[in-house]
Amino acid sequence: MKIFICENADEIARLCAQKVINLIKRKEDAILGLATGSSPQKTYQQIIELSKQNNISFKNIKTFNLDEYVDYKKEKDSYEFFMKENLFLELDINLKNTNFPNKQNINNYDDLIKEAGGIDLQILGIGTNGHIAFNEPGTSFGSNTHIVNLTEQTIKDNSRFFTTIDDVPKQAYTMGLSSIYKAKEIILIATGKNKKKAIETLIKENKDISCPASILKDHPNVTLFLDYDCAPI
Ligand code: F6R
């Protein structure tokens, strides 16, 4: 794993967005793996700015999101809505080329990714408990896309995006750890003191299912983008 310790979230966003733009300049039909949540939000803003400045088209880009809630109450609570608001609607991407795991495709989401050619660049955040996508501690490293019961910790962490904690869905569709591991390149973004313990475990401890992100330790092309607050220095 390569580790970049950056001054702040803005610097991380600039570096990560540039990586995405460079990939698209090389490969106009690249396959992107995308995350939701706070960690990639600034990167998505930068991607929008850089693509406008450099006239970069997303019309041949395909995306596969990591996860989606099951039975969300309002459309605005869905990850699909988040992606439209934070990225897709600002680009010339064809929404038909954007994919989310759901009830219909859960058993062939991994095949859809494979058929598309595999993920060229996967963007990840990390949960305070070390989860990636919604693979909670204890998930098998061999897991494919599946449905999960969210832990109390994750429900609590994600309640900030909802009116009340009771509105947070209790289940999600998620790519598995094996699905994520197949990406050709992975960047993981983490900022803030509340991620420090998860990052410390990821970097310093051995690969173990108690820290799902530790599957990344032996991936050939992973870069962690950390700010000073969560870097174990
Ligand atoms: C979201 C996802 C999750 C988040 C993680 C961190 O698609 O896959 O694993 O990346 O929960 O969330 P934030 O970035 O909101 O702290």
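Each ligand, and each atom within it, is numbered from 1 in the order the structure gives. We count residues from 1, following the sequence as given. Keep in mind that the numbers below use all heavy atoms, side chains included, and drop hydrogens, waters and symmetry copies. Computed from a predicted structure; not experimentally measured.
The protein non-hydrogen atom at the shortest distance from atom 8 (O) of ligand 1 is D67 OD2, 2.8 Å. For atom 6 (C) of ligand 1, the nearest non-hydrogen atom of the protein is I126 O, 3.3 Å. Protein heavy atom closest to atom 10 (O) of ligand 1, with residue, atom name and distance, is G125 CA, 3.3 Å. In terms of protein heavy atoms, atom 11 (O) of ligand 1 is closest to H131 NE2, 2.7 Å. Here the protein heavy atom with the shortest distance to atom 14 (O) of ligand 1 is S39 OG, 2.5 Å. Nearest non-hydrogen protein atom to atom 16 (O) of ligand 1 is K195 NZ, 2.7 Å.
Residues E80 and E68 are in side-chain contact: their nearest non-hydrogen atoms beyond the backbone lie under 4.5 Å apart. By the 4.5 Å heavy-atom criterion applied to side chains, V20 and Q18 are not counted as neighbours. Contact of the K2 side chain with the N221 side chain is registered, since non-hydrogen atoms from C-beta on lie closer than 4.5 Å. By the 4.5 Å heavy-atom criterion applied to side chains, Y44 and E90 are not counted as neighbours.
The existence of a salt bridge linking K73 and D167 is confirmed by a sub-4.0 Å separation between a basic side-chain nitrogen and an acidic carboxylate oxygen.
Not a single heavy atom of E68 sits closer than 4.0 Å to an atom of ligand 1. The shortest heavy-atom distance from Q41 to ligand 1 is not under 4.0 Å.
On a distance-only criterion, A133 and ligand 1 share at least one N/O pair closer than 3.5 Å.
Contact annotation: for T36 versus ligand 1, heavy atoms closer than 4.0 Å belong to both the backbone and the side chain.
Residues F100 and F64 place their aromatic rings such that the two centres sit no closer than 6.0 Å.
A cation-pi arrangement, defined by a distance under 6.0 Å to the six-membered ring centre and an angle within 45 degrees of its axis, is absent between K103 and Y173.
The aromatic rings of Y69 and Y79 are tilted relative to each other, their planes meeting at an angle between 30° and 60°.
Heavy-atom proximity to R160, at under 4.0 Å, picks out these atoms of ligand 1: 13 (P), 15 (O), 16 (O).
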